[in-house]
Amino acid sequence: MLSNKRIQELELVMEFEKVEECFKEVSSWIENVGRKQLKETINLDDSLEMLLQAQKQFREFDLIASEYCRRGQEALKKMDRWEEFSSVDVHSYRVKLQTYKDQLEEFCTQLDENRHRICETVRLYEFFDKVRQGTCCMEEGVKS
């Protein structure tokens, strides 16, 4: 039984090394591209026109970022079996796996939050724009 468990651990390590390339690619993209793009969406412009342009740019980024999140999550699913193994030999791989998982979850959460914030901000600006236009029309009607 111990021999079988050890063989399974070794197979898992070999599988991890195959999947690790995907983790490294996703992690590198998050650190070098994704986080920078998310920081750019923190300060949204004051006009509806500029905000709509920022939303369009974010949607383009969001498509790419969501694909990286999906790829990272698929790679993590392949490593679900790690929970069953607790040997010292596997520990360093579990630590790496947890680091990738934490980074991916944090980025995907920030992406979702920014997506929601931009959408809500656009809706709010559109509402205020309609109110402003309605107020202008009412003022013109009163002047006539």
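Position 1 is the first residue of the sequence; numbering continues from there.
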**Q.** Within 6.0 Å of CD in Glu49, more than 12 heavy atoms from elsewhere
**A.**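 Counting neighbours around CD of Glu49, 12 or fewer heavy atoms of other residues, nucleotides or ligands fall under 6.0 Å, so no.
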
Can you find a pair of side-chain heavy atoms, one from [X] and one from [Y], that are under 4.5 Å apart?
{"X": "Lys78", "Y": "Cys22", "result": "no"}
{"X": "Phe127", "Y": "Val131", "result": "yes"}
{"X": "Leu97", "Y": "Leu76", "result": "yes"}

With [X] via salt bridge (charged side-chain N to carboxylate O under 4.0 Å, His left out) - residues at least two apart:
{"X": "Glu120", "value": "Arg123"}
{"X": "Lys96", "value": "Glu20"}
{"X": "Arg70", "value": "Glu67, Glu74"}
{"X": "Glu31", "value": "Arg35"}

Could you give the distance from [atom1] ([X]) to [atom2] ([Y]), rounded to the nearest 0.5 Å?
{"X": "Lys36", "Y": "Lys39", "atom1": "NZ", "atom2": "NZ", "answer": "9.0 Å"}
{"X": "Cys108", "Y": "Glu113", "atom1": "SG", "atom2": "CD", "answer": "11.5 Å"}
{"X": "Leu12", "Y": "Glu17", "atom1": "CG", "atom2": "CD", "answer": "10.5 Å"}
{"X": "Gln37", "Y": "Asn114", "atom1": "CD", "atom2": "CG", "answer": "11.0 Å"}
{"X": "Thr41", "Y": "Gln110", "atom1": "OG1", "atom2": "CD", "answer": "9.5 Å"}

For [X] and [Y], which heavy atoms make the closest approach, and how far apart are they?
{"X": "Cys69", "Y": "Phe107", "result": "SG-CD2, 3.7 Å"}
{"X": "Gln73", "Y": "Leu104", "result": "N-CD2, 3.4 Å"}
{"X": "Val26", "Y": "Gly72", "result": "CG2-N, 4.1 Å"}

Q: Kindly work out whether a path of hydrophobic side-chain contacts (I/L/V/M/F/W/Y, heavy atoms less than 4.5 Å apart) joins Met50 to Phe128.
A: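 As far as the 4.5 Å side-chain criterion goes, Phe128 and Met50 are not connected within one cluster.
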
Q) Please walk me through it: do Tyr93 and Met79 pass side chain to side chain contact (heavy atoms under 4.5 Å, CB included)? A) CA-CA 10 Å; Tyr93 293 98; Met79 297 285 100; over 6 Å; no

Q. For the residue pair Phe23 and Phe16, does the interplanar ring angle fall in the parallel (under 30°), tilted (30 to 60°) or perpendicular (over 60°) class?
A. tilted

Q) Does Leu10 have any side chain to side chain contact (heavy atoms under 4.5 Å, CB included) partners at least two apart in sequence or in another chain, and if so, which? A)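 Counting only residues at least two positions away or on another chain, Leu10 forms a side chain to side chain contact (heavy atoms under 4.5 Å, CB included) with Arg6.
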
Q. Taking only residues two or more places apart in sequence or in another chain, which ones pass side chain to side chain donor-acceptor pair (under 3.5 Å) with Asn4?
A.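 If we apply the side chain to side chain donor-acceptor pair (under 3.5 Å) test to Asn4, skipping adjacent residues, there are no hits.
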
Q. Is a salt bridge present between Arg115 and Asp112, judged by a nitrogen-to-oxygen distance below 4.0 Å?
A. yes

Q: Apply side chain to side chain contact (heavy atoms under 4.5 Å, CB included) to Tyr68 and Glu25, showing your working.
A: CA-CA 9 Å; Tyr68 275 96; Glu25 182 183 339; 4.2 Å; yes

(Q) Donor-acceptor pair, distance only, cut-off 3.5 Å: does the side chain of Asp62 make one with the backbone of Phe58? (A) no

Q. Donor-acceptor pair, Thr121 side chain versus Arg117 backbone, under 3.5 Å?
A.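 Yes.
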
